[in-house]
Amino acid sequence: MDEKEMQRCFESAVELAKKGGELIRAAFDKPKRVDCKGGYSTDLVTETDEEVEKMILMTLRERFPTHAFIGEESVAAGEPCTLTDDPTWLIDPVDGTTNFVHRFPFVAVSIGLFIKKEPVIGIVYNAPQDLMYTARKGMGAQCNGREIHVSEQTELCQALVICEVGGTREPERMEVVRDNSYAIAMPPDPAHSVRAVGSAAINMCLVASGCADAYQEYGIHCWDIAAGSLIVTEAGGVVMDPKGGSIDVMRRKLLCASSPQLAQQISSCLKDIDLPHD
Ligand code: LIP
């Protein structure tokens, strides 16, 4: 893909994230139709999730007809979730749907573009707070146009770490969630504290901005982390498999951190679990 086409992709992603954010803000304080997915009362979807994704996909398909697409709600409706070497857009129209339902102001449109299974564009728009996080491969990361960078933190005992509960409640996954949060928060080497914001994409942007020092989660999906994975690395951070090795966004687990040293300290105290891949 040449520079002109890559810039056209970037500008389209920013434009559509903004439009999606406008739909989120318009519905934010209104009554919502809330449904549950996968048989869990904690994995929510609303009409806004579907409306935003439909708008984004319709425009991207029109502008980039040879590209491939993975959207959270399209996959939930039975569309394939296959990441190939082709240019592929990974879209979470409302990341933090539970936050959206409760008007907890951490709700993002997340749009990532992958080529040969590597991120080249990452856009995360926190709509209630009007914070547009952007990254292009090799061109740094920005928030509302201003460069962002991870913190200098290298020590777990001085770190603020994000640990999420997730949207489903499989007992074996919840045991790992519980044990991993406990291991990070408790002696002998406790973090300063643990936070759960409720949006993987925003969590990664908080790490990229130096507002948190690390984030780990088992159970996320490729669309949750696609855009954020580039924003973190372009901001100088590390994104990896929680037990070491490079990240595979399809494997539903992630560790990102401000430094390799901090990532290693956290990785060494995490329990692992293999979940069904995306
Ligand atoms: C959310 C993720 C978050 C996870 C939530 C939920 P959604 O995505 O971004 O990390 O902890 O349970 O899955 O479903 O709001 O798009």
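Worth knowing before you read on, the calculation uses all heavy atoms, side chains too, and leaves out hydrogens, waters and symmetry mates.
When atom types are taken as modelled, the side chain of Ser267 and the backbone of Pro242 share a donor-acceptor pair closer than 3.5 angstrom. Under a 3.5 Å cut-off, the side chain of Thr42 and the backbone N or O of Gly167 do form a donor-acceptor pair.
Side-chain contact between Leu16 and Val109: absent, with no pair of heavy atoms (C-beta onward) separated by less than 4.5 Å. Here the side chains of Glu217 and Cys163 are not in contact, with every heavy-atom distance at 4.5 Å or above. Under the 4.5 Å side-chain criterion, counting only non-hydrogen atoms from C-beta, Ile111 is not in contact with Leu113. In this structure, the side chains of Met174 and Val165 come closer than 4.5 Å at one or more pairs of heavy atoms. Looking only at side-chain heavy atoms (C-beta outward), Asn144 and Thr134 stay at 4.5 Å or farther from each other. Using a 4.5 Å heavy-atom cutoff, the side chains of Lys37 and Glu72 are in contact. The side-chain heavy atoms of Thr46 and Arg33, taken from C-beta on, include no pair separated by under 4.5 Å.
Geometric assessment of Lys32 against the ring of Phe100 yields a positive cation-pi assignment under the 6.0 Å and 45° thresholds. Remark: Arg61 qualifies as a cation-pi partner of Phe69 under the 6.0 Å distance and 45° angle criteria applied to the six-membered ring.
Ring planes of His221 and Trp223: parallel class, angle under 30° (limits at 30 and 60°). Classification of the His67-Phe64 ring pair by plane angle, with boundaries at 30° and 60°, yields parallel.
Leu160 shares a hydrophobic cluster with no other residue; no ILVMFWY side chain has heavy atoms under 4.5 Å from its own.
Exactly one of Asp274, Asp248, Asp278 qualifies for a salt bridge (Lys or Arg N to Asp or Glu O under 4.0 Å) with Lys253. That residue is Asp274.
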- Take Tyr215 and Val161, measure what side-chain contact (heavy atoms from CB on, under 4.5 Å) needs, and give me the verdict at the end. CA-CA 6 Å; Tyr215 160 51; Val161 182; over 6 Å; no

